Amino acid sequence: MKQSASQWMTAMPPGDNNSNESTPIRPARAPPRRNDRSVFTTPTTIKRLFAQFPLITYPSNELPLRAPSTRQEHSLYVFVSAVGAARNAPSFNPACLKYQTYLKFSGIPFRIISSNNHASPTGALPFLLPAAASSVIEPPRKPVPANKLEKWAAENGSALHDSSNTFVTMTIAHQLRAAAEAELLKHSPSASKIIDAEALCQEAEEAFKALSTLLGEHEWFFGVEKPGMFDAGVFAYTHLLLDETLGWRENRLGVFVGSLENLVRHREGILREYFPGGA
């Protein structure tokens with residue numbers, strides 16, 4: 001049987017056409033198998049395991065038992081005892097009392113609930129849980145943190161007076177300095193050497209004296225008809241300093257504030273009108 005020239009050349013090894021030994025033709029290798037598995041692919045063993053024990057999505061946890069179930073009224077979470085919350089007493093925390101008082105000024109009905117920082121969405125009190133929406137179509141309302149309470153009150157209550165008076169700026173500067181030194185002392189015990197308690201008390205007395213001068217003979221600060229946020233902020237400190245039920249061991253500032261008759265009247269007026277029976 002005769003072979004064609006092309007067939008004979010194919011059987012010969014390259015470069016050696018005169019060799020009588022033929023080289024067997026190797027079959028072409030199959031292309032490498034593509035590995036489609038990625039880091040996000042679930043291993044087969046895990047798939048089989050979850051096939052026998054499928055994942056179950058449980059419903060959300062219910063609110064604590066003391067949380068309002070119907071939420072038919074606004075709830076302000078503040079530092080206050082359970083007994084104090086029941087009789088709507090002023091909070092013993094200045095920041096909480098400030099917003100508690102301001103909401104009362106705004107004419108917004110609400111209840112106070114004894115709470116702590118761990119219950120707050122922002123990790124700090126106060127915060128407000130608005131009443132449930134009147135319409136089932138409207139989504140549930142989110143909690144209102146302290147830094148948005150003033151805006152929320154303006155949108156849901158009566159408009160109140162605010163001011164950027166020079167005396168206000170001076171008073172805030174005193175408060176910020178005292179707060180900064182307090183934080184410095186808390187984080188660095190050795191920093192107590194640079195803090196002069198006598199100087200701090202004197203500065204606080206000067207601040208309260210400036211507030212007394214600013215109030216003058218007016219019922220409310222800046223001579224407005226209704227109290228505002230500034231009145232609430234001053235009351236948050238004067239009330240706590242003058243509240244004898246708190247059992248102050250040493251209350252030099254309370255004695256000084258008690259000597260400023262118009263600040264005492266200012267505090268008593270707020271207690272009488274906005275905290276009847278709750279002081």
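No hydrogens, no waters, no symmetry mates; every other heavy atom, side chains included, goes into these values. Because the structure is predicted, anything quoted here is derived from the model rather than measured.
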Visitor: Might you point out which heavy atoms bring Ala232 and Lys98 nearest each other, and give the distance in Å?
Guide: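 Nearest heavy atoms, Ala232 then Lys98: CB-O, 3.4 Å.
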Visitor: Side chain to side chain contact (heavy atoms under 4.5 Å, CB included) between Ser115 and Leu125: does it pass, once the steps are laid out?
Guide: CA-CA 8 Å; Ser115 187; Leu125 295 180; 4.1 Å; yes
Visitor: Is the Phe208 to Phe256 ring centre distance short of 6.0 Å?
Guide: no
Visitor: Applying ring pair (Phe, Tyr, Trp, His ring centres under 6.0 Å), which residue pairs with at least one partner in residues 108-131 are found, sequence neighbours left out?
Guide: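 Ring pair (Phe, Tyr, Trp, His ring centres under 6.0 Å) check on residues 108-131 returns Tyr77-Phe127.
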Visitor: Rounded at 0.5 Å granularity, tell me how far CG in Leu242 sits from CG in Leu263.
Guide: 8.5 Å
Visitor: Hey, what do you get for OG (Ser259) to CD (Glu205), rounding to the nearest 0.5 Å?
Guide: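 Here the interatomic distance stands at 8.5 Å.
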Visitor: What are the two closest non-hydrogen atoms of Leu97 and Pro90, and how far apart are they?
Guide: CD1-CB, 3.5 Å
Visitor: Could you go through the side chain to side chain contact (heavy atoms under 4.5 Å, CB included) check for Tyr237 and Leu253 one step at a time?
Guide: CA-CA 10 Å; Tyr237 286 95; Leu253 287 179; over 6 Å; no
Visitor: To the nearest 0.5 Å, tell me how far Ile108 CD1 sits from Glu155 CD.
Guide: 10.0 Å
Visitor: Would Glu198 and Gln202 count as having a side-chain donor-acceptor pair, cut-off 3.5 Å?
Guide: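 There is such a pair (donor and acceptor under 3.5 Å, judged by atom type) between the side chains of Glu198 and Gln202.
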Visitor: Between Gln100 and Asn88, is any pair of side-chain heavy atoms under 4.5 Å apart?
Guide: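 Gln100 vs Asn88: side chains touch.
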Visitor: For Thr122 and Pro145, which heavy atoms make the closest approach, and how far apart are they?
Guide: CG2-CB, 3.7 Å
Visitor: Counting C-beta onward and ignoring hydrogens, is there a side-chain heavy-atom pair between Leu214 and Phe222 closer than 4.5 Å?
Guide: yes
Visitor: Taking the side chain as every heavy atom from C-beta outward, state whether Leu149 and Tyr102 have any pair of such atoms under 4.5 Å apart.
Guide: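 They are not in side-chain contact.
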Visitor: Does any N or O in the side chain of Ser114 come within less than 3.5 Å of the main-chain N or O of Val80, such that one atom is a donor and the other an acceptor?
Guide: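 The answer is yes, because a donor-acceptor pair under 3.5 Å joins these two groups.
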Visitor: Would the distance check show the side chain of His74 and the main-chain N or O of Ala131 forming a donor-acceptor pair, the cut-off being under 3.5 Å?
Guide: yes
Visitor: Under a 4.0 Å N-O cut-off, is there an ion pair linking Glu273 with Lys104?
Guide: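 No.
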Visitor: So which heavy atom on Ile112 is nearest to which on Gly84, and how close?
Guide: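 Ile112 and Gly84 have their closest heavy atoms at CD1-O, 4.1 Å.
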Visitor: Contact between Leu240 and Pro94 at the side-chain level, heavy atoms closer than 4.5 Å - yes or no?
Guide: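 The answer is yes; the side chains approach within 4.5 Å.
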Visitor: Please name the pair of heavy atoms, one in Asn262 and one in Gly216, separated by the smallest distance, quoted to 0.1 Å.
Guide: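 Residues Asn262 and Gly216, closest heavy atoms: ND2-O, 3.2 Å.
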Visitor: With sequence neighbours excluded, tell me which residues meet salt bridge (Lys or Arg N to Asp or Glu O under 4.0 Å) with Glu217.
Guide: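 Expected list: Arg265.
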Visitor: Within this structure, what is the CZ-CZ distance for the pair Phe235 and Phe230, rounded to the nearest 0.5 Å?
Guide: 15.0 Å
Visitor: Side chains of Asn93 and Ser91: donor-acceptor distance under 3.5 Å anywhere?
Guide: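 No, Ser91 and Asn93 have no side-chain donor paired with an acceptor closer than 3.5 Å.
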Visitor: Evaluate side chain to side chain contact (heavy atoms under 4.5 Å, CB included) for Trp152 paired with Leu103, printing each intermediate quantity in order.
Guide: CA-CA 10 Å; Trp152 182 89; Leu103 289 180; 4.2 Å; yes
Visitor: Check Leu211 against Phe221 and note the closest heavy-atom contact, atom names and distance.
Guide: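 Smallest interatomic distance, heavy atoms only, reads O-CE2, 3.3 Å.
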Visitor: Rounded at 0.5 Å granularity, tell me how far CG in Leu215 sits from NE2 in His266.
Guide: 6.0 Å
Visitor: Hey, are Lys226 and Glu219 close enough for a salt bridge, meaning a charged N less than 4.0 Å from a carboxylate O?
Guide: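 Glu219 and Lys226: not salt-bridged.
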Visitor: Check whether any side-chain heavy atom of Phe275 sits under 4.5 Å from a side-chain heavy atom of His239, and report yes or no.
Guide: no
Visitor: Val255: what forms a side chain to side chain contact (heavy atoms under 4.5 Å, CB included) with it, not counting sequence neighbours?
Guide: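 Partners of Val255 under the side chain to side chain contact (heavy atoms under 4.5 Å, CB included) test: none.
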Visitor: More than 12 non-hydrogen atoms from neighbouring residues, nucleotides or ligands closer than 6.0 Å to CD on Glu225, yes or no?
Guide: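 Incorrect, the count does not exceed 12.
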Visitor: Judged by atom type as modelled, is there a donor-acceptor pair below 3.5 Å linking the side chain of Ser120 to the main-chain atoms of Asn116?
Guide: no
Visitor: Applying side chain to side chain contact (heavy atoms under 4.5 Å, CB included), run through Val78 and Ile113 and close with a yes or a no.
Guide: CA-CA 6 Å; Val78 297; Ile113 297 180; over 6 Å; no
Visitor: Measuring from Trp248:CH2 to Asp243:CG, what's the distance to the nearest 0.5 Å?
Guide: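 Result: 9.0 Å between the selected atoms.
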Visitor: Is the closest side-chain heavy-atom distance between Tyr99 and Val144 below 4.5 Å?
Guide: no
